[in-house]
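Since the structure is predicted, the reported quantities are computational estimates derived from the model, not experimental observations.
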Amino acid sequence: MKKRVLSGIQPSGKLHIGNYFGMIKRMVEYQESSDLFLFIANLHSLTTLQDGPQMKAMTLEAATDLLALGADPEKCHFWVQSDVPEVAELTWILSCLTPMGLMERAHSYKDKIAKGIKPNLGLFSYPALMTADILINQSEIVPVGKDQKQHVEMARDIAIKFNNQFGDVFTIPEPDIVEDVAVIPGTDGQKMSKSYGNTIPIFGESSVIKKTVMGIVTDSKGVEDKKDPNKCTIYALYKLFATSEERVGMADEYRKGGLGYGDAKKALLAKIQETFEPFREKRAKLEANPKKVEDILEEGAKKVRKITLKTLEEVRKATGLRY
Ligand code: ADP
Ligand code: TRP
């Protein structure tokens, strides 16, 4: 039996190559090795994004992007969180078993407040919603970055508490923390992140991608100077796309001297264009046919609801809410 793996992705605007190599590529690989549950976490986004037209546009954009990048509805469960309303009912039920102290210890809530986000009840109880996402599908493995690890631990605690109180309804999930996910650098050498404005978009106009790549910050060494590949952002990005021979080739040329940053950028640009071109074509087709995306999402919700409804029914019975 394949393991049940679940992940939610908040719709967050233009995807960049840090998102691709840091997460999306891994999700697409999980489709082959596991029973993947992948959803667009729009109820989570509502904690901070409160603009109807923008929410709608970003949700469809995220769905289109993920489908173009390889999410395959034939091979995984793929849906939008709000199309499965059972999760909100389970959130309430689990909230009643969640000690305040557990929620108050959440780092991510404190970090968000520290960043100036205005607290609301949804932002505070966000880990209870995430717990419901995980438990309602009886997920076994939840791959997350370090920032989300505590939320999966809360899901475990709450599942154990529920099972002790009401009987064994939930599978106890395990976090799968990818410690060594390389931090993909942005054009200024810091972590690539939309909040730093240093991203290389996956689906941007060719001319924008070109300008962004040609604008990668380097030191001021000339063409003939010897260079250390490990101190160069162009090389760090090139490595993601290149074969091992190509990697060694660029590193050697840097060390010997003779490869200028301009040419290295052109080599990187060619790799980016070549790698993402098929995804861009697929995306253009999907974008021209939004009905198809909507149909996929509708089917996806229908398929996953068979599982969520079954779990919720067990919860209703166990708690005595089904009388
Ligand atoms: P951003 O930092 O641009 O706001 P998000 O926080 O929305 O990106 O990240 C979404 C996913 O992409 C997360 O799983 C995160 O780990 C991954 N990710 C984002 N930026 C990077 C990066 N520079 N390197 C590796 N992974 C990244
Ligand atoms: N909270 C996650 C994030 O911000 C997204 C998410 C929502 C999620 N529900 C989930 C991730 C369940 C894993 C499992 O990135």
Show your reasoning for whether side chain to side chain contact (heavy atoms under 4.5 Å, CB included) applies to K75 and L36. CA-CA 8 Å; K75 290 187 182 162; L36 177 68; over 6 Å; no
So does P173 get a backbone contact from the side chain of R156, meaning a donor-acceptor N/O pair under 3.5 Å? yes
Mind checking whether V80 and L46 sit in one hydrophobic cluster, side chains of I, L, V, M, F, W, Y counted as touching below 4.5 Å? no
Would you mind reporting whether T218 and I234 have side-chain heavy atoms less than 4.5 Å apart? yes
Lys/Arg-Asp/Glu bridge criterion (N-O < 4.0 Å) met for D295, K291: yes
Less than 4.0 angstrom from a charged side-chain N to a carboxylate O is my criterion; do K256 and E253 meet it? no
Are R280 and E277 close enough, and set up right, to give a salt bridge (Lys or Arg N to Asp or Glu O under 4.0 Å), and what steps lead you there? CA-CA 5 Å; R280 292 157 69 96; E277 192 47 36; 3.6 Å; yes
Please check if the number of heavy atoms outside K266 that lie under 6.0 Å from its NZ is greater than 12. no
Would you call E314 and K310 a salt bridge, taking side-chain N to carboxylate O under 4.0 Å as the test? yes
Angle between ring planes, F276 versus F241, binned at 30° and 60°: parallel, tilted or perpendicular? perpendicular
Using the side chain to side chain contact (heavy atoms under 4.5 Å, CB included) rule, take I200 and V213 through it: C-alpha gap first, then chi angles, then the decisive distance, then the call. CA-CA 7 Å; I200 304 177; V213 171; 4.3 Å; yes
Does K221 make a cation-pi contact with Y254 (under 6.0 Å, within 45 degrees of the axis)? no
Is a donor from one side chain sitting under 3.5 angstrom from an acceptor on the other, for D228 and Y235? no
Can you list the steps and then say if L15 with L69 is a side chain to side chain contact (heavy atoms under 4.5 Å, CB included)? CA-CA 10 Å; L15 290 178; L69 290 169; 3.8 Å; yes
Any link between I172 and I177 through a network of hydrophobic side chains (Ile, Leu, Val, Met, Phe, Trp, Tyr) touching at under 4.5 Å? no
Tell me the salt bridge (Lys or Arg N to Asp or Glu O under 4.0 Å) pairs involving residues 187-201, sequence neighbours left out? none
With a sphere of 6.0 Å drawn around NZ of K210, does it hold more than 12 non-hydrogen atoms of other residues, nucleotides or ligands? no
Do D133 and H44 pair up side chain to side chain, a donor and an acceptor below 3.5 Å, judged on atom types alone? yes
Answer yes or no: is there a side-chain heavy-atom contact under 4.5 Å between K303 and W79? no
Under the criterion salt bridge (Lys or Arg N to Asp or Glu O under 4.0 Å), I'd like the reasoning laid out for K302 against E299: C-alpha separation, chi angles, the key distance, then a yes or no. CA-CA 5 Å; K302 239 192 238 165; E299 275 307 306; 3.4 Å; yes
N/O donor-acceptor pair under 3.5 Å between N42 side chain and S45 backbone: no
Please step through side chain to side chain contact (heavy atoms under 4.5 Å, CB included) for the pair C232 and Y261, ending with a clear verdict. CA-CA 9 Å; C232 175; Y261 291 129; 4.0 Å; yes
Please give me the minimum heavy-atom distance between P99 and K161, naming the atom from each residue. CG-CE, 4.2 Å
Take a 6.0 Å sphere around CD of Q50 and say whether it holds more than 12 heavy atoms from other residues, nucleotides or ligands. yes
